[in-house]
Structure formats: C-alpha cells, structure tokens
Amino acid sequence: MKSILTATLLLLLSGSLSAQYKLTGTVNDQQNLPLPYTGVILSDLTRSKTQTVTADSSGIFIFRNLKKGKYQLSSNYIGFQKNSIDLFISADTAIKIVLQSLNNQLNEVAISSGKPAALINNTEKLTYNVSSSVTATGTDGLTAVSQIPVVKVSNNEISSAGKGQLKVMINGQVIQLAGLDLMRYLKSMSANQISKIELIKNPSANFDADGNAGLINIVTKQSKKQGYSGNIQLNGKHWIHDQKTIYGTSNFYALNGSANLNYNSEKLSVYSSVNLDKDHHLEGFQTDLYYPKQTWLQTDTGDYTYHNINVIAGADYKLSPKTTIGLSYLGGRGVYDGSDHVNNPIYNNSGKLDSTLKTYATYHPVALSNSINMHTIVNFDTTGKKLSLNADYYNYYRTDRSDFESSGYLPGQSNAANNTRYYDTNKQNINIYTFKADAELPTHYGLLSFGGKLSFIDNYSNAFYYNKMNTNDLVYNTNLSNEFDYTENTQSLYASLNKEMGKWRYQGGLRTEFTQTKGYSYTINQTTNNSYVKLFPSLLIAYQADKDDSFSFTLGRRINRPSFWSLNPFKSLFTAYSYGQGNPYLQPEYNNNFELAHTYKSNLTTSLFLNVTDNGFTNVTIARPDTNLVYTTPLNFIKTYRYGIAESYSLKLFSWLDNNNQATFYHTNANSSNSSFKNIRGYGLYLASNNTFYLNIEKTFAIAASFWYQFPEIDHIGRSGTSYKLDLGITALALKKNLNITFNVNDIFRSSATSFTTDVNGIKQQFTNFQINRYAQLSMSYRFGSKPAKNRETGNEDERGRNH
C-alpha cells in the first residue's frame, strides 16, 4: 500500500512539473484600439530562455507550451513607449497590454476593457469612434463625417474648420471623387459599417499628398471576437420641414437596414456587411444676382427618391507568424430618381416683376462602384522590419438621363412667352489602378520608412443633348454636347525617418510625385497635356517637457487636384440662361501648413497655425448684364494666407460625462490675380461641443448633445454667413448590452444652411445651400456572436477597424 501511495505521489508530482500552459493577450493603445503586428517578447526567467512572436492584425498574440515559473513580458510599437511586466505563470493566463504613446510617460498593463471615448485628440490625428457616438448611431457615412467637431460639410465640400479642404480615404485608399459624387458615395455607406473616422492633421510622407488641410480616413468595421459575431440594425427617419407639402409632395422619410457578420480563428479572419437604403428627400439651393438694372432671384428645389445597396467584404489569412495576406471588396449601387423645380423671378429696380423663368427637369442617375484591395504584410522579425504590399482597383460608373424644360412668363400671363426643351443622356466611367509598397527598417539612426506608389487613372465622360421638338422628335445639339477622356498617371517615391532621443521625437520625410495628365475632347478635337514634378516635405518635432506638458511643431506641403468634372469642358444646364462648365486648363493648388502646439494632461491642446495656398481655384459664377447669361466655371486665381489659434479641451472631471470642445479663431487674406475679383480679408470663428451624459452607473442609458456655430468667414474670394447646428440623442442598452435603441433629432433649428456672398465684375451674388438636414430618427441594433472562452481575454469586445 505504501509503495502504491508513493508511486501515485510521484506520478502527480511529475504531471505537475510537466504541465504546460498557454499565455494569450492583446496589445492596445490607451484608447483601447488594437496595435497590429506588435513585437512581443517573453523571457523565461527560471530557465533563461526567450520566445518572440508578432501580434496579428488584431493585436492578438499567443505563447504556447509554457511551464510553471517566472516570466517577463515586454512589447514595443513604433510611436509608443516600450512596456515590460513580470508574471508568474501557473495556469492558462490571459492579459491585455496597454501601451502609452510617446506623448505620455506613464505605462500601464490592464486586464479590463471598456468602450473607447467617442473623440480622441492628439498631436497627429483626431479619432472619432463612430460606434461610441450617440448622435452618429443609425446615420450614413456622410452624416457621421459631419459629426466630427472640427469637420465642416457644406456646399458639397468637406473641410477642416478654419484650415481648408480635406481629402477622403476609406481604409487608407484615397477616393477619387469630389462634389456631389463624393457626397452621394459617402451617403451610400451606413455608420453601422464604420468603426472609426480619423482626421489626419499633418500626414507624413508615406500618405498621398492630396488634401489641403489633411486627410479623412474612414475605417470600416472588422470584429475581433473569436468565432462568429455580428449585428443587425434597422433605422427609420422622418424629415421635418416647415411646409407639409412642397411642390405637391410630402412624406419625406428614410428606411435603412444594415448587418455585419464576422468570423475569426487563429489564422483566418472573415468579415462582411451590407447596407440597404430607401428614402424620399429634398435638396436645394438659391442664387441671387443683383444686376445694375435687374435682380434675378433663383431657387432650385430637388425632389428625390433614393435606393441604395452597399456591400463590404474581406478576409485576412495568416500564412505564418510573420506573413498575412488579405483581400477586401467595397461596392454598391445607388439610384436617384427625382426632379428639380427652378423658379426664377426677375425684378426691375423699382421692385416690380419683369418676368419669371420656370424650369422643370427630371433626372435618373444610377451609380455603380467597385473597389478591390489585395494586400500582403510581412514582419521579418520582432525589431520592426516590415514590408506592406497593396494592389487596388477602383471603378465608378454613373449614367443619367434627363428631360429639361424652361419657360418664360410675363406678369399676369399663364401662357409661356418662350419655351426651351432638351433631352440629354450622360455617362461617367472612372477606372483607377494603384500599386503601393511600403517598408519599415529600424536603424541606429531611427525608424526608416520608405516606399513608392504607381497610380493610373482613366476617366471617360459624355453628355449628349438633343433639342426636344416634341415627344418623339429629337434633334442632336452639337453646341451643348460633349465627349471627354481624361488620364492621369502619378509615380510617387517617399522616405521618412522617425527618431526618439530622450524627451525629443523627430519625424521628417520627403515625398516626390511625378504626374502626367492628358485631357481630350472628342467634340472639339482638343487635347490638353500637362506634366509636373512636385516635392512634398513633412516635419514633426515633439518635446515631452514633463508628464503633463508636451510641445510639437509640424509643417507640411499638400496638393489639391481638380476633380474630373472640373476639367471637363462640357456644359450642364441649370436654366435656359444659366449653366455650369468645366475648365480643361485648370491646375492644382498647393497648400503649405505650419503649426505649433502645446498639450496639457492630454486634456487641453492649444495650437497656432499658418496656412498658405498658392494657385488656388474655386467655382465662380460669372454674370453678363448685356445678355443676362450666367455660367459657373472653376478658375485658378487665388492666393490665400490664413493664420489663427485653435483650442481643444476635454472635461474629465466626472465619470458620467464625455465632453470635448473645439474653438478655432482665424484671419484670412484672399488675394486675387483676376481683375474681376477684389481682394478680401476678414476674421472667422468656429465653436463646437460634443457631450454624452450617462444617466446610470452601468452606462446603459445616456443622452447626447452636439453643437457647432460658424461665424462669418472668408471663403475663397467671398464671405460666408452665420450657420449653426444642434443635434440631440438618447440611447439605451438592454439584453446584456446587446440591444441598442437610439432616438436622434438632427439639426433641430434647421440652421446649418450656409450662405456665400461675392462680387464679380461689380455684380453682387449670393448663394445659399438649403442643406435640408432636420430629421428625427429611431434606430435599433442587436449584437450577436459566440462568447470568449473562459480565461481568455481578447481585448475590447467592441468591433475594431482594419489597420492595414
């Protein structure tokens, strides 16, 4: 019996000594967002052995076959402080490592997770976590972008308050659309498909040089929860207008449904989402022209229905601990059916009605978009040597057909004095191919990043007009019709160096872009060629004075290339007396940005900035009093100096309040090289505040209020008026926080419409964009998915954005 007991004890002891355990974990930043491909080192202090792994694209790492004993775990990531922790492993262990950026000196290892704040602001970028924002819940991609406090969406342009125009990327790829096409493209995305939106204030050399004031990067969702997971969201929206019936129509509404489905294993990550939209809405603007002898007041109200489907899908596969490959797709189909009602009364100087122009036009634009990305990421070792390869194809295909009728009426007469009728078809087909290679190489001088990109763009467009004699008799109009092909090829090379020396950090880079363009008009047999080489330097110098105070200086040079439509010389009719026309000779504009910033306790950031724009262009409306003909075309003629101060402050005194405030005060000098426009200067002020109030300890019940106010400012060569916007929302979580119910009211006072006044050849013009954005919306979403295994911590369970 004694021998049996002894043998049993020896067997148990042997089993205990030979037991093997597993260490799993994630590496995150201080906003709970994953840090992909982080090098993680595990040192066995008992046996003097070391293992190294590279975290995957989700920041997840695993060490297997570990024996009981003391260990030291360390990790490092570029731009963050190295972190080490001592562990004693006697069972399967899960941990989450939180790395602090170089702007903070405190390191932290946490085993808890939580929802990131809606807004995170630092020296290099502002991150808007869409899933954490009450007022963005249930909206579309364009509305979500407009919710960022310092971002303005007006007149079909996205800009940074007080600083200039922004270019838009999706998952790091620039979207080559502008104006109304870009607005509708972003509207086709659901906020439920978006993880976060980044405002990159001073992009480094490895980013494209597009965008005067920086870049907007929309990062789509990809859940990191192991196994299957997803969510379903349904939204109902009702627009609130001052009039119940407009042009005989009512019931302005929107219905939206979206869903995400994801699957993750140790090697494979698959994600997908679909968004369906149907709505009935209004669009509109007003243009007032003050001639010496007449005043033309023109209102354009568009009555549209919208049908859209948008799909995102992709997969990442881990070939080895060092190599990941992936494929992603983003595409959709959007149909706008509608009509424009244009009313144009003309008054003489005594205030009496001379005549009235009425224009009615129907439209049927159908847009198809397809974007495919193939990527490979190779991590050569744990020191940070990395190679990223990306190949992208993007296609945007849009067709439209229109019936156009413009009639003139004399006072007191119901029969038209004159009548103009057209039928037209038009098409735009954009094909873009890009190939990009990026490498990171640690050296004793610092982290060296270098790479290159090839971009091939082809844009074909046409507009064929026919004089409409009667319903079945069409005569081709050679004067209005146009067929245009535009190609743009760009070859880019860049190199940048990131160096840390004690409390100092330096990042300097240079990007070279060689561009060749060719525009050919089939209609007039005209070819326009252009070729140029430009250098785009960037610099960041940061100093961490102490744990509370940090300083930084940045400079960068950017380019804003004209949109394809702006280069097309075809005419687009507004009325019988007004039209828009592109300019094939339009050149890019260049922007030089300088900023000096101070951050205190990551709560208060103060920055002084100077922006200088050369060869600036904008759409100008030119009116001829002799013929009353009005046409709009883009021209290069502006040099702008803008300097100011920006403040960002987050109040963190209460656990029940998420608060972020922005203020930008600036002065603008706009100088014209065209004698038709006068120089103009003046001050501007932009204020914004985002607030979420949690009404219980569990933070399952909250209300939100977002507000911005834009005082008059100088915009290009004119002056904009005052506008402001208040959004309110309330949200509740139920069913173990899987069910989310949110009610929002957007633009409560219907006050976000912008007006713009300018003077051209002594003729005053005022343009007002109606921006009919006031609506009430109810949204319901439900999350589902497999639960994490016991003792396994996968980091923040909220869905994360892709990081490649």
Do we get Arg184 above Tyr304's six-membered ring, with its NZ or CZ under 6.0 Å from the centre and within 45° of the axis?
yes

Check: [Y] main-chain N/O paired with [X] side-chain donor or acceptor under 3.5 Å:
{"X": "Asn344", "Y": "Leu297", "value": "yes"}
{"X": "Asp747", "Y": "Ser751", "value": "yes"}
{"X": "Gln165", "Y": "Asn560", "value": "no"}
{"X": "Arg774", "Y": "Ile240", "value": "yes"}
{"X": "Asn129", "Y": "Ser132", "value": "no"}
{"X": "Asn459", "Y": "Tyr486", "value": "no"}
{"X": "Thr301", "Y": "Gly284", "value": "no"}
{"X": "Asn395", "Y": "Ile430", "value": "yes"}
{"X": "Thr356", "Y": "Tyr409", "value": "no"}
{"X": "Asn583", "Y": "Pro634", "value": "yes"}

Mind checking whether [X] and [Y] have side chains closer than 4.5 Å, heavy atoms only?
{"X": "Ser328", "Y": "Tyr271", "value": "yes"}
{"X": "Lys518", "Y": "Asn489", "value": "no"}
{"X": "His341", "Y": "Ile246", "value": "no"}
{"X": "Leu182", "Y": "Asn156", "value": "no"}
{"X": "Asn426", "Y": "Arg398", "value": "yes"}
{"X": "Thr143", "Y": "Val153", "value": "no"}

Examine the side chains of [X] and [Y] and answer whether a donor and an acceptor come within less than 3.5 Å of each other.
{"X": "Gln766", "Y": "Asp288", "answer": "no"}
{"X": "Tyr460", "Y": "Asp458", "answer": "no"}
{"X": "His364", "Y": "Asp337", "answer": "yes"}
{"X": "Tyr465", "Y": "Asn482", "answer": "no"}
{"X": "Asp727", "Y": "Asn744", "answer": "no"}
{"X": "Asn308", "Y": "Asp277", "answer": "yes"}
{"X": "Ser461", "Y": "Asn568", "answer": "yes"}
{"X": "Ser339", "Y": "Thr362", "answer": "no"}
{"X": "Asn212", "Y": "Glu589", "answer": "yes"}

Minimum heavy-atom separation for [X] and [Y], please, with both atom names.
{"X": "Ser455", "Y": "Thr434", "result": "OG-CG2, 3.8 Å"}
{"X": "Ser369", "Y": "Tyr396", "result": "CB-CD1, 4.2 Å"}
{"X": "Tyr363", "Y": "Ser402", "result": "CE2-OG, 3.6 Å"}
{"X": "Asn773", "Y": "Ser752", "result": "ND2-OG, 3.6 Å"}
{"X": "Ser578", "Y": "Gln298", "result": "OG-OE1, 3.9 Å"}
{"X": "Thr731", "Y": "Asn740", "result": "OG1-OD1, 3.1 Å"}

Note: Lys453-Asp208 ion pair, threshold 4.0 Å (strictly below):
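A salt bridge links Lys453 with Asp208.
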
Thinking salt bridges, do Asp279 and Lys237 make one under a 4.0 Å N-O criterion?
no

Take the angle between the ring planes of [X] and [Y] and call it parallel below 30°, perpendicular above 60°, tilted in between.
{"X": "Tyr522", "Y": "Tyr520", "answer": "perpendicular"}
{"X": "Tyr228", "Y": "Tyr263", "answer": "tilted"}
{"X": "His281", "Y": "Trp239", "answer": "tilted"}
{"X": "Tyr724", "Y": "Phe749", "answer": "tilted"}

Pick from Tyr306, Tyr336, Phe252: which one makes a ring pair (Phe, Tyr, Trp, His ring centres under 6.0 Å) with His280?
Phe252

Inspect the surroundings of OH in Tyr631 and state if more than 12 heavy atoms from other residues, nucleotides or ligands are less than 6.0 Å away.
no

Step through the shown structure and confirm whether more than 12 heavy atoms of other residues, nucleotides or ligands are within 6.0 Å of OH on Tyr476.
yes

Could you check Thr220 against Asn171 for side chain to side chain donor-acceptor pair (under 3.5 Å), going step by step and ending with a plain yes or no?
CA-CA 7 Å; Thr220 57; Asn171 295 326; 3.0 Å; yes

Separation of [Y] [atom2] from [X] [atom1] (nearest 0.5 Å):
{"X": "Gln765", "Y": "Phe756", "atom1": "CD", "atom2": "CZ", "answer": "9.0 Å"}
{"X": "Trp296", "Y": "Thr287", "atom1": "CH2", "atom2": "OG1", "answer": "12.5 Å"}
{"X": "Ile216", "Y": "Lys167", "atom1": "CD1", "atom2": "NZ", "answer": "13.0 Å"}
{"X": "Thr425", "Y": "Phe464", "atom1": "OG1", "atom2": "CZ", "answer": "6.5 Å"}
{"X": "Thr137", "Y": "Asn235", "atom1": "OG1", "atom2": "CG", "answer": "9.0 Å"}
{"X": "Ser250", "Y": "Asp303", "atom1": "OG", "atom2": "CG", "answer": "10.0 Å"}

Let's go through Tyr775 and His238 carefully: what are the C-alpha distance in whole Å and the side-chain angles of both, what is the deciding distance for ring pair (Phe, Tyr, Trp, His ring centres under 6.0 Å) to 0.1 Å, and is it a yes or a no?
CA-CA 5 Å; Tyr775 60 78; His238 181 73; over 10 Å; no

I'd like to check the side-chain hydrogen bond (donor to acceptor under 3.5 Å, both in side chains) partners of Tyr393; sequence neighbours left out, ordered by chain and number.
Asn431

Before giving the answer on side chain to side chain contact (heavy atoms under 4.5 Å, CB included), spell out for Gln147 and Lys725 the whole-Å C-alpha distance, their side-chain angles and the decisive distance to 0.1 Å.
CA-CA 10 Å; Gln147 291 290 323; Lys725 185 168 179 274; 3.7 Å; yes

Are Ser406 and Tyr422 close enough, and set up right, to give a side chain to side chain contact (heavy atoms under 4.5 Å, CB included), and what steps lead you there?
CA-CA 9 Å; Ser406 185; Tyr422 296 109; over 6 Å; no

For the pair Asn310 and Ser188, evaluate side chain to side chain contact (heavy atoms under 4.5 Å, CB included) and give the outcome as yes or no after the intermediate values.
CA-CA 6 Å; Asn310 177 276; Ser188 73; 3.7 Å; yes

Apply side chain to side chain donor-acceptor pair (under 3.5 Å) to the pair Asn192 and Asn231, showing each step before the final yes or no.
CA-CA 9 Å; Asn192 189 38; Asn231 69 57; 3.0 Å; yes

Please determine whether side chain to side chain contact (heavy atoms under 4.5 Å, CB included) holds for the pair Asp424 and Leu480, giving the CA-CA distance in whole Å, both sets of side-chain angles, and the decisive distance to 0.1 Å.
CA-CA 10 Å; Asp424 73 272; Leu480 293 177; over 6 Å; no

